[in-house]
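Heads up: the structure comes next, in structure tokens.
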Number of protein chains: 2
Amino acid sequence: MNASSSEIVAVVGDGQMGLVLADLLVARGAAVRLWGNFPDEIETLRATRRSPRLADFVLPAAVEVTADAAEALGGATLAVNAVPTQYVRRVWTAIGAHLAAAAPVVSVSKGIEIDTLDFPCDVLRQVLPATHGGCCVLSGPTIAAELARHLPATVVAASSDEGVARRVQDLCNGQWLRVYRLDDVMGVEIAGATKNVIALAAGMVDGMEAGLNAKSALLARGLAEIARLGVALGARLDTFFGVAGVGDLATTCFSPHSRNRTCGERLGRGQRLDEVLESSSSVVEGVPTTRALHALARRRGVEMPITEAVFRILFEGLRPRDAIVGLMARETKAERVG
Amino acid sequence: MNASSSEIVAVVGDGQMGLVLADLLVARGAAVRLWGNFPDEIETLRATRRSPRLADFVLPAAVEVTADAAEALGGATLAVNAVPTQYVRRVWTAIGAHLAAAAPVVSVSKGIEIDTLDFPCDVLRQVLPATHGGCCVLSGPTIAAELARHLPATVVAASSDEGVARRVQDLCNGQWLRVYRLDDVMGVEIAGATKNVIALAAGMVDGMEAGLNAKSALLARGLAEIARLGVALGARLDTFFGVAGVGDLATTCFSPHSRNRTCGERLGRGQRLDEVLESSSSVVEGVPTTRALHALARRRGVEMPITEAVFRILFEGLRPRDAIVGLMARETKAERVG
């Protein structure tokens, strides 16, 4: 609980997570600058302290709001990457030069860059100036609307540099947010990206009204296949069974408001993917992530039957009901986790 | 898929799980006798094929229904233990002598015997004739009302005797039930018993309207402390992250119908335990299990902060809201799973 932090933090990205982190950090005593890419939107946010992206949220007056990257990043002791995954490379290539030497970057982006199959921290390491102070992933079950109301939540701060992880933990830990340290950046990023694929499948189970037994089995077996891929990519098995693994997955599979779960639910009711996506107001991250995850699994030779089924439903016209029959009829075996 | 099994199965216990297993096994081609302790209830079930314990369920005509243990167990090649945990010792002490030599017992009871802190298979091993054919635990996310409708589900068949596990897998696996083998009987029984304690806590989070982030964190950290106890008792860590671990836990924490979750919800809204229990029509297993689990954790010196909090709320008058504040304010640390 550090309510008088001396950190100067640049929050890059004015989406839901950028907003709630700016709110959190200013309450911890940090000086906070919030940067967004679109001057018009940023001017409205600056003036009204409200965003169409997060209903009922009021940005504290102490948060400086700017569309000028030099102003946001200049002299910041720490930066937050809260940009959607597919834009991380473009944004930080454009503004990264303003990052002060030795400033660590805390990333809350979840996903896989489609063209490269890289995770957000991979991308940051590629495009940030060599003088940056290391990367840290902040991840866990964090529905932004709940964080905005200061409801209790937990996250992990994962970094290969324990000093950075401790610094982020000290900065963010407090009354309503409990922060655990971890050193497995790769595992946390894999868990954060892939949960949306399982959430699509969980939504399909909801849409077919196949029941809670089936949905929980899917959660458990989905987690097991993600952990298996994670271990093949060098992550630690444990990570998938922590708050950023099973915790975040449970939230995404059970939240009535999860976009990915809702998309899956409509598919489970028999709608076509193009119909569902046409009528969605925002990006359904799980759809491109399914393609990326499917490619990663193939490349590494990891068996991922649920991901395979979701891929075939989304892109090859398999019916969700037939997918369940297929999953249930697989050769009987011993249970293997990870 | 074995629809012409030559097994003769005695299902001991006419509660929800006994009923749905009798239905399942007869569909697999086994000869099935269902035994219950109360002649009047058994006579009604035999005549009407319906039970007040499971709405909309009709017991197939092929299932023999009897209150005569010799008739049920005599010549059976396999028996199912579907008796509430606190009655396992008494029932099998009374009827176990009728169990045919070499017949394995498949247990679906979940809980801890309060007086001894023994799990159901421990009790069975103590009271069954030495000639019995081994124990197997069948466990997973299995809401009986869903099984009764033949909705898809998964379980593990866990036995230290791989031959027994395979036999149970062959017998039970089929179109709507997928059975995995496992050898960790202890781990499966610990997971099955302790999930109700976490479900009480999850219900409290619901009752306080503390949000899904908090509930999922509780699920993850609850699972971690259960796994930690399990490993201390000789179970395998992996088991807790399979369908009988996290799968069953997710179902119990998220089902609107879970008795334990509902009890926790009312406590979270400020009702007193005695009020809640007085108005509950059935046993809330998690309440005695919390006492047993708390004692087990002390005996083994395992740190279980969530179990400790539930214990203090149930038996020492701690307010759920203060318990959350206490959990959030614990010393910050690295995340440890198991």
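Treat the numbers as computed from the prediction; the structure is a model and nothing was measured. In what follows, every chain begins at residue 1, and chains take the letters A, B, ... in the order their sequences are listed. Computation of the quantities below employed the complete heavy-atom set of this structure, encompassing side-chain atoms and omitting hydrogens, waters and symmetry-equivalent molecules.
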- request: Look up atom CG in A/N213 and atom CD1 in B/I143, then write down how far apart they are to the nearest 0.5 Å.
  value: 5.0 Å
query: Would you say the side-chain atoms of A/E335 pair up with the backbone N or O of B/G242, donor to acceptor, closer than 3.5 Å?
result: no
statement: Assert top hit (heavy-atom pairs under 4.5 Å, partner chain A, pool B/A217, B/A145, B/A244) equals B/A217
- prompt: Out of A/A210, A/A214, A/C253, A/G245, which one racks up the most heavy-atom pairs below 4.5 Å with chain B?
  reply: A/A210
Atom pair CE/OG1 of B/M328 and A/T154 - distance to nearest 0.5 Å: 7.0 Å
- prompt: B/L237 versus A/L237: any side-chain heavy-atom pair under 4.5 Å?
  reply: no
task: Output the option from A/G140, A/A220, A/G247, A/A334 having the highest count of non-hydrogen pairs under 4.5 Å with chain B.
output: A/A334
field: B/R178 side chain to A/R330 backbone, donor-acceptor under 3.5 Å
entry: yes
- prompt: Under 6.0 Å from the six-membered ring centre of A/Y180 and within 45° of its axis: does the NZ or CZ of B/R221 meet both?
  reply: yes
message: Taking every non-hydrogen pair under 4.5 Å, which of A/K215, A/R181, A/M208 racks up the most with chain B?
response: A/R181
- prompt: Quick check: does any side chain N or O of A/E146 sit under 3.5 Å from a backbone N or O of B/L212, one acting as donor and the other as acceptor?
  reply: yes
- request: Specify the closest pair of heavy atoms between B/S216 and A/P141, including all atoms of both residues, with the distance to one decimal.
  value: CB-CB, 4.0 Å
- prompt: What's the spacing between A/E209 CD and B/L151 CG if we round to 0.5 Å?
  reply: 9.5 Å
- request: Taking heavy atoms only and a threshold strictly under 4.5 Å, list by residue number the residues of residues 160-168 of chain A that touch chain B; give 'none' if the list is empty.
  value: none
- prompt: What part of B/L219 is in contact with chain A, defined as an atom under 4.5 angstrom from a non-hydrogen atom: side chain, backbone, both or neither?
  reply: side chain
- prompt: Relative to chain B, which segment of A/L147 carries a heavy atom at a distance below 4.5 Å: side chain, backbone, both, or neither?
  reply: both
- prompt: For A/V179, is it the side chain, the backbone, both, or neither that has a heavy atom closer than 4.5 Å to a heavy atom of chain B?
  reply: backbone
statement: Checking A/V325, A/L327, A/L218, A/I324 against B/P152 for side chain to side chain contact (heavy atoms under 4.5 Å, CB included), the one that qualifies is A/I324
